[in-house]
Amino acid sequence: KMYKKDRVAVKQADVVIAATGFDKVHETETLDRAWKIPDNESNLIIEAARLNSSMVVVLYAGGDMETDSWVDSVPAVLHSFYPGQAGAAPLVDILFGKVNPSGKLPFTMTKKWDDIAAVSHYVKNPEKASFRRIMIGQGNPRVRKVKKMEYREGLMVGYRHFDTNNIEPEFSFGHGLSYTTFSCSNITVSSGEILKSALEKEGVDIAVTIKNTGGRAGSETVQVYINDCESSVIRPKKELKGFEKVFLKRGESAELVFHLDWEAFAFYAAEQKCWYVEPGDFEVLVGFGSRDIRERAQLFVAKG
C-alpha cells in the first residue's frame with residue numbers, strides 16, 4: 001500500500017526504481033512458482049508511474065513472468081534474473097549508465113499465460129503447493145498419485161511456437177536494448193545456389209556489416225535464422241542457427257561472417273531415421289532478435 005508520504009516522495013523523486021518479482025521461497029524446487037507477481041506490487045507500479053513518469057522496473061525471476069498489465073505504464077524494464085548477493089553493484093552501474101547493458105532474452109516473454117504452447121495440457125494451478133504436499137512425497141508414486149502429462153508441442157517450443165503461429169509476444173526471444181543503437185546491412189551469401197553435395201561438404205558463409213549508429217560504445221548480439229520456404233514436413237517458421245556478440249565503439253563498423261554447415265538446413269527424417277537436407281528454397285534471416293530481422297537473403301539448394 002502506498003501512503004500519502006510515499007506518494008509525495010515518489011512524485012518528487014528524480015527517478016523511481018521499483019524492484020519486484022520472486023525470491024528463493026517463491027521460485028524453488030518441488031513446486032512451480034506463480035506466473036504473476038503479487039497484485040499489490042503490480043498496482044504499486046501502475047500507481048507510481050502515474051505520479052512519476054521517470055521510472056524503472058527491475059525484475060527478479062528465473063524466467064518469464066506476466067508484465068502486460070503494467071509494462072506500458074513504465075519507460076524502462078530491466079530483467080536481472082537472480083544476480084546473487086553481489087548483484088546490486090552491476091545493477092547500479094547499469095542504472096546509472098556506467099555500463100552499457102547488452103543482455104539478450106534466452107526465452108520469449110509472453111503477453112498471456114494461455115499463449116504458451118504447453119499450457120493446454122499442463123497441470124492446473126501449478127503454483128499451488130503446501131508443506132504437507134511436499135513432505136509426503138512430491139513425486140513419490142507410493143504416496144501420491146502421479147499424473148500423466150504429455151509433451152505435445154513437438155518442435156513448436158518457445159519462439160518457434162510464437163513465430164510460426166503469429167502470436168505476438170511481450171518481449172521476443174533474443175530481444176535486448178542498450179544505451180546505443182546498431183544497424184545491420186550488406187548481407188551476402190557465398191553461394192546463392194549450391195548443390196546438396198557441396199553444401200554437405202563445404203557449407204555456406206553468411207556475411208553482414210554491423211555498425212554502431214548511436215552515441216556510445218556497446219555490444220550487440222547478431223542472430224542468424226533459417227527458414228525452409230517449402231518443406232515436406234512441418235518445420236518452424238524460423239530456426240536459430242548461429243549468433244555472435246560484437247563490441248563496437250561509437251561509429252565503428254565490423255563485418256561478421258557466419259559459417260553454416262549442412263546441419264543448419266537439415267531436419268530429422270523419421271522414415272529414413274537420419275538427418276536430411278531437402279532440396280529447395282531457403283531464406284537466411286539476420287537480425288537482433290526473432291522479431292527484429294534486419295536483413296534477408298535467398299539460398300537455393302539443388303539436387304546432386
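Since the model is a prediction, treat every value here as computed from it, not as a measurement.
A donor-acceptor pair is defined here as one N or O able to donate and one able to accept, closer than 3.5 Å; such a pair exists between the side chain of Y179 and the backbone of I94. A donor-acceptor pair under 3.5 Å is absent between the side-chain atoms of K245 and the main chain of V222, judged by distance alone. The closest donor-acceptor contact from the side chain of Q223 to the backbone of F288 lies under 3.5 Å. For Y159 (side chain) and L240 (main-chain N/O), a donor-acceptor pair under 3.5 Å exists by modelled atom type. In this structure, K238 contributes its side chain and S290 its backbone to a donor-acceptor pair below 3.5 Å. Under a 3.5 Å cut-off, the side chain of E200 and the backbone N or O of E202 do not form any donor-acceptor pair. Remark: the backbone N or O of G214 is not paired with any side-chain donor or acceptor of R250 at under 3.5 angstrom. Here the side chain of T164 pairs no donor or acceptor atom with the backbone of P236 at under 3.5 angstrom. Using modelled atom types, no side-chain atom of S102 and backbone atom of S219 make a donor-acceptor pair closer than 3.5 Å. The closest donor-acceptor contact from the side chain of T180 to the backbone of R216 lies under 3.5 Å.
The side-chain heavy atoms of V284 and Q298, taken from C-beta on, include no pair separated by under 4.5 Å. Within the 4.5 Å cutoff, no side-chain heavy atoms of K104 are placed close to those of H175. Annotation: side chain of M65 is in contact with side chain of I37 (closest heavy-atom distance under 4.5 Å). Taking the side chain as every heavy atom from C-beta outward, L285 and N227 approach each other to under 4.5 Å. In this structure, the side chains of M156 and K237 stay at 4.5 Å or more apart for every pair of heavy atoms. Between L256 and I210 the shortest side-chain heavy-atom distance falls below 4.5 Å. W35 has its side chain within reach of T110: a pair of non-hydrogen atoms, C-beta onward, lies under 4.5 Å apart. The closest side-chain heavy-atom distance from W70 to N43 is not below 4.5 Å.
H161 contributes atom NE2, which lies 15.0 Å from atom CZ of F173 (distance to the nearest 0.5 angstrom). Within the model, atoms CG of L59 and CZ of F22 stand 9.0 Å from one another, a figure rounded to the nearest 0.5 Å. Atom NZ in K36 sits 11.5 Å away from atom OG1 in T67 (nearest 0.5 Å). Atom-to-atom distance recorded for E283:CD and L299:CG is 11.0 Å, nearest 0.5 angstrom. Here S120 contributes atom OG and D114 contributes atom CG; the two are 9.0 Å apart, rounded to the nearest 0.5 Å. Between C229 atom SG and D281 atom CG the span is 5.5 Å, to the nearest 0.5 Å.
A continuous path of ILVMFWY side-chain contacts below 4.5 Å connects V277 to W275, so both sit in one hydrophobic cluster. Hydrophobic cluster membership differs between I116 and V157, with clusters built from Ile, Leu, Val, Met, Phe, Trp and Tyr side chains linked at under 4.5 angstrom. Taken together through direct or relayed side-chain contacts under 4.5 Å among Ile, Leu, Val, Met, Phe, Trp and Tyr, V8 and V10 form parts of separate hydrophobic clusters. With hydrophobic clusters built from ILVMFWY side chains whose heavy atoms lie under 4.5 angstrom apart, L195 does not share a cluster with Y276. Follow the hydrophobic side-chain contacts under 4.5 Å out from I293 and you never reach F171; the two are in separate clusters.
Salt bridge annotation for D163-R291: present, with a cationic side-chain nitrogen under 4.0 angstrom from a carboxylate oxygen. For the pair E252 and K211, the salt-bridge criterion is not met [side-chain N within less than 4.0 Å of a carboxylate O]. We find that E47 and R7 are joined by a salt bridge, their nearest charged nitrogen and carboxylate oxygen being less than 4.0 Å apart. Comment: R294 engages D292 in a salt bridge, judged by a side-chain N to carboxylate O separation of less than 4.0 angstrom.
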**Message:** With salt bridge (charged side-chain N to carboxylate O under 4.0 Å, His left out) as the criterion, how do R235 and D228 come out once you've worked through the C-alpha distance, each side chain's angles and the decisive distance to 0.1 Å?
**Reply:** CA-CA 7 Å; R235 299 191 70 175; D228 190 346; 2.9 Å; yes

**Message:** I'd like to know whether Y225 forms a side-chain contact (heavy atoms from CB on, under 4.5 Å) with K241, so could you lay out the CA-CA distance, the side-chain angles of the two residues, the decisive distance to 0.1 Å, and finally the verdict.
**Reply:** CA-CA 5 Å; Y225 297 84; K241 297 300 180 180; over 6 Å; no

**Request:** Determine, step by step, whether Y60 and V58 satisfy the side-chain contact (heavy atoms from CB on, under 4.5 Å) criterion, reporting the C-alpha distance in whole Å, the side-chain angles of both residues, the deciding distance to 0.1 Å, and the verdict.
**Result:** CA-CA 7 Å; Y60 293 93; V58 179; 4.0 Å; yes

**Prompt:** Please walk me through it: do K196 and K303 pass side-chain contact (heavy atoms from CB on, under 4.5 Å)?
**Reply:** CA-CA 6 Å; K196 179 181 172 183; K303 297 180 180 179; over 6 Å; no

**Request:** Give the intermediate values and the outcome of side-chain contact (heavy atoms from CB on, under 4.5 Å) for residues I226 and L260.
**Result:** CA-CA 10 Å; I226 293 295; L260 301 182; 3.9 Å; yes

**Pair D64-T108, side-chain hydrogen bond (donor to acceptor under 3.5 Å, both in side chains): steps then yes or no** = CA-CA 7 Å; D64 186 16; T108 301; over 6 Å; no

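Side-chain contact check for T209 and S185: no donor-acceptor pair (N or O, by modelled atom type) lies under 3.5 Å. Donor-acceptor pairing under 3.5 Å is recorded for the side chains of E27 and Y82. Side-chain atoms of T20 and E41 include a donor-acceptor pair closer than 3.5 Å. No side-chain N or O of T221 forms a donor-acceptor pair with one of E244 less than 3.5 Å apart.
The ring of F265 has its center closer than 6.0 angstrom to the ring center of F282. The aromatic ring centroids of H79 and F81 lie less than 6.0 Å from each other.
Between V257 and A207, the shortest heavy-atom contact is CG2-CB, 4.1 Å. Residues F107 and G63 share a closest heavy-atom pair of CZ-C, 3.5 Å. Of all the heavy atoms in A117 and E153, the pair that sits closest is CB-CG, 3.7 Å. Scanning all heavy atoms of the two residues, the minimum distance from C184 to V208 falls at SG-CB, 4.1 Å. The minimum heavy-atom distance between A297 and V189, with the atom names listed, is CB-CG2, 3.6 Å. The two residues N212 and F182 make their nearest non-hydrogen contact at CA-CD2, 3.8 Å.
By the neighbour-count criterion of 12 heavy atoms within 6.0 Å, atom CD of Q272 is densely surrounded, having more than that number from other residues, nucleotides or ligands.
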